[in-house]
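Some notes on the structure that comes next.
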Amino acid sequence: MTQRIFIGVAWPYANGPAHLGHLAGAYLPADVFARFNRIIGNEVLMVSGSDCHGAPITMRADAEGIQAVDVVEKFHQSFLDTWKRLGVSFDLFTTTMTDIHQKTTHELWESLWEKGYLYESSMKVAYSPSFDRFLPDRYVRGTCPHCEYTDARGDQCDNCGVILDPIDLKDLAYIRDGERYPVEIRDSNHIFLKLSAFQDQLLTWIEPNDFWRPNVRNFSKGILIEGLKDRAVTRNLDWGISVPIEGYEDRRIYVWFEAVIGYLSASIEWAQLSGDENAWRPFWQESSTRAYYFVGKDNIPFHTIIWPAMLMGNGDYILPYDVPANEFLNLEGRQLSTSRNWAVWAPDYLDRFDPDPLRYHLISNLPETGDSDFSWADYVRSNNDELVATFGNLVHRTLTQIYRNFDGKIPHPGRLSEEDTELIRKCEEIKEKVASSLQRVRLREALDIAMSLSREANRYLDQRAPWKQIKEDSLSAATTLYTAAYALMTLRVVMYPFVPFSAQKLHELLGQFGEIQDIGWVIEDIIPGTNIPKPEPLFIKLDDSVIEEMVSKLG
């Protein structure tokens, strides 16, 4: 039965290009899941966009002496280019600067306000006497009271993930141009979200979700058991979505509150662009829809607690079905740091290498339940030993034998032996196992199972040795190569969500037409007599010198 699947992907701040941490944390996992669900026939809507408001944008603009909107435009275009070249297949990647987003944010705000889930109160706010200004939370740094991390932000600790307010921090400071300035705490009126009202409801909702990743479920339950505090949803800023309340003209809606509403506003925008302005509603208002949110570790509480509370308060929309958040990706054994340029930027990678080897390596090394590490040595090894020597070699030697010995046509097989039928049986078995893992968002497991078919088929070819059979019994060689080609027909499907460009190329090398995503999650019999083009390598072997070259660019 066809399932309706909504996929919301974390909104990246438009203050810098995407890096490998972003790709492994949310964007590649979401794309793999979306491609799989589309090919099996599910109705999919995957949306995200550039997060254009909040302190990260204004901080970048201040540093460069330009307007915030100029920062946004530059990096939004960078994201669009990266997704296209990397094959991240959004149905819509928009921004939080659209009229639709402002309208949707105001409507949800007004719904929560009318129901008493938003209220006005005084709060302690960080203030810089040196610059006579209230400070956005992210401008404030200090020591986290939970884990003693000395460079925690005023909104969240990057080390332990706990949501914070500036007053929670010890040793407060405003860091500007490398200098530390004193911070005072002053009273100021703001609007609060009554998170405390959803404490029991959220715990009741999360408790039975034992299919969630343990790190996500346990972390979220821990926050709830500790007790939710009401949280301010306005800030003293002049950049962002306006507050629809008289007297708050000099303030803006806090970015964490309005950014998650982007999932809804992007869906509404997608519907309008599709020509059916109500097309978004089934994805948000029908209980049979499953909504998945792909985010990184630092975004877990916003998607398992705050956004669900906002949806509960509104009452018109379905709650998340799953939040398959990933942990952090480290780089060469160290924590990724954009400020110290200890990062691999996606545009730089794509200028130098093909997209699929990175997709493959990151997915096979996803930090699904714990932090993982990216190293250039491992990247080169996985490209050369797994993609080139295993998957690519299987493709090349099978198709080269067919092209050379059977006039470039898929051969007609003779009677299938036990070994032939066993490989064909394994093709179906592996296809079903890959599907099962992908449906449960176990992407590393799914990729490993898919690649196991390459290993099985290579062993089969080694045992059958068609290069010898062709000299003694051409019908036996034809049968072997037909069976190996059947395995390749399977591989192009099961590898498609992970390495879509290479899978499509294999599809065409097998003499097939059209797009893989249109054929479905099925193994089509390869028709004897099908013409195949002259074979060419599926992947390119990398020299070990790449390792030293790329590591030298870090930092």
Side-chain angles (χ1 to χ4, degrees), residues 4-11 45 47-49 51 53 94 96 98-121 163 190-206 209 220 223-224 228-234 240-245 248 252-272 277-293 295 299-323:
R4 187 179 297 106
I5 303 290
F6 173 78
I7 301 174
V9 194
W11 290 61
L45 174 60
V47 301
S48 183
D51 190 344
H53 301 133
T94 181
T96 54
T98 65
D99 291 340
I100 291 174
H101 179 66
Q102 175 164 295
K103 180 175 182 289
T104 305
T105 300
H106 283 171
E107 287 175 348
L108 191 60
W109 174 287
E110 289 162 4
S111 170
L112 294 173
W113 179 266
E114 290 169 2
K115 293 172 182 176
Y117 294 123
L118 292 177
Y119 64 92
E120 185 177 28
S121 184
I163 299 171
H190 282 276
I191 307 300
F192 284 73
L193 172 65
K194 194 181 288 185
L195 271 178
S196 57
F198 301 97
Q199 170 92 24
D200 295 339
Q201 193 175 351
L202 284 166
L203 195 56
T204 300
W205 167 64
I206 288 176
N209 295 338
S220 303
I223 293 174
L224 290 169
L228 291 182
K229 299 177 182 178
D230 297 350
R231 189 163 168 81
V233 296
T234 55
I241 301 293
S242 61
V243 181
I245 294 177
Y248 278 78
R252 296 294 180 267
I253 296 176
Y254 205 173
V255 65
W256 62 259
F257 180 89
E258 56 102 349
V260 290
I261 299 173
Y263 298 118
L264 176 58
S265 65
S267 302
I268 295 170
E269 182 182 354
W270 163 80
Q272 293 185 5
E277 63 180 18
N278 289 313
W280 65 273
R281 292 188 180 279
F283 288 98
W284 283 89
Q285 295 181 321
E286 291 191 7
S287 60
S288 60
T289 297
R290 289 186 173 182
Y292 294 79
Y293 291 85
V295 300
N299 263 321
I300 290 174
F302 295 99
H303 293 79
T304 62
I305 293 173
I306 293 175
W307 180 227
M310 293 164 63
L311 293 170
M312 289 173 177
N314 174 267
D316 291 336
Y317 308 116
I318 63 170
L319 298 175
Y321 175 77
D322 195 4
V323 184

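Quick caveat, the model's predicted, so the values are computed rather than measured. By convention here, the first residue in the shown sequence is residue 1.
- Going from atom CG of Leu118 over to atom OG of Ser111 covers 9.0 Å, rounded to the nearest 0.5 Å.
- With hydrogens and angles disregarded, no donor-acceptor distance shorter than 3.5 Å links the side chain of Ser265 to the backbone of Gln102.
- Nearest approach of His53 to Val255, heavy atoms of both residues: O-CG2, 3.5 Å.
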Trace of the side chain to side chain contact (heavy atoms under 4.5 Å, CB included) decision for Thr289 with Tyr321:
CA-CA 9 Å; Thr289 297; Tyr321 175 77; over 6 Å; no

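- Across all non-hydrogen atoms, the minimal contact from Phe257 to Met310 is O-CE, 3.4 Å.
- Residues forming a side-chain contact (heavy atoms from CB on, under 4.5 Å) with Gln201 (at least two apart in sequence, or on another chain): Phe198, Met312.
- For the atom pair CD1 (Ile241) and CZ (Arg252), the distance works out to 9.0 Å, reported to the nearest 0.5 Å.
- Expressed to the nearest 0.5 Å, how far CD1 of Ile306 lies from CH2 of Trp256 amounts to 4.5 Å.
- Looking only at atom types and distance, the side chain of Ser267 has a donor-acceptor partner in the side chain of Trp284 under 3.5 Å away.
- In Asn278, the CG atom is crowded: over 12 heavy atoms of neighbouring residues, nucleotides or ligands sit closer than 6.0 Å.
- A donor and an acceptor atom, one from each side chain of Glu258 and Thr105, are nowhere located under 3.5 Å apart.
- Environment of CD in Glu277: sparse, with no more than 12 heavy atoms of neighbouring residues, nucleotides or ligands closer than 6.0 Å.
- Minimum interatomic distance between Ile5 and Phe283 (heavy atoms only, all atoms of both residues): O-CE2, 3.6 Å.
- The main-chain N or O of Leu228 is never found under 3.5 Å from a side-chain atom of Ser196 such that the two would form a donor-acceptor pair.
- With rounding to the nearest 0.5 angstrom, the CD1 atom of Ile191 is 4.0 Å from the CD1 atom of Ile245.
- No side-chain donor from either of Trp307 and Tyr263 sits under 3.5 Å from a side-chain acceptor of the other.
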Steps toward side chain to side chain contact (heavy atoms under 4.5 Å, CB included) verdict (Tyr293, Val260)
CA-CA 10 Å; Tyr293 291 85; Val260 290; over 6 Å; no

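- Considering every non-hydrogen atom in both Trp109 and Pro244, the closest pair reads CD1-CG, 3.4 Å.
- Rounding to the nearest 0.5 angstrom, the gap separating the CH2 atom in Trp280 from the CD atom in Gln272 is 10.5 Å.
- No side-chain donor-acceptor contact under 3.5 Å links Thr94 to the backbone of Ala266.
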Evaluate Gln285 against Tyr317 for side chain to side chain contact (heavy atoms under 4.5 Å, CB included), listing each step before the verdict.
CA-CA 5 Å; Gln285 295 181 321; Tyr317 308 116; 3.8 Å; yes

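- Annotation: Lys103, atom NZ; neighbour count of heavy atoms from other residues, nucleotides and ligands within 6.0 Å does not exceed 12.
- Counting only distance, with no hydrogens or angles, the side chain of His106 and the backbone of Ser242 share a donor-acceptor pair below 3.5 Å.
- Among all heavy-atom pairs drawn from Pro320 and His303, the shortest one is CG-O, 3.9 Å.
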List the steps and the verdict of side chain to side chain contact (heavy atoms under 4.5 Å, CB included) for Glu286 and Ile318.
CA-CA 7 Å; Glu286 291 191 7; Ile318 63 170; over 6 Å; no

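- The two residues Val295 and Ala10 have their closest heavy-atom pair at CG1-CB, 3.9 Å.
- Environment of CG in Asp200: sparse, with no more than 12 heavy atoms of neighbouring residues, nucleotides or ligands closer than 6.0 Å.
- In the model, Thr96 has no side-chain atom that pairs as donor or acceptor with a side-chain atom of His101 under 3.5 Å.
- Taking CD1 of Ile206 as the reference point, atom CD1 of Ile305 lies at 5.5 Å (rounded to 0.5 Å).
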Go through it in stages, so that I can follow the logic: the residues are Thr304 and Ser220, the test is side chain to side chain donor-acceptor pair (under 3.5 Å), and I'd like the CA-CA distance, side-chain angles, deciding distance and then a yes or no.
CA-CA 7 Å; Thr304 62; Ser220 303; 2.7 Å; yes

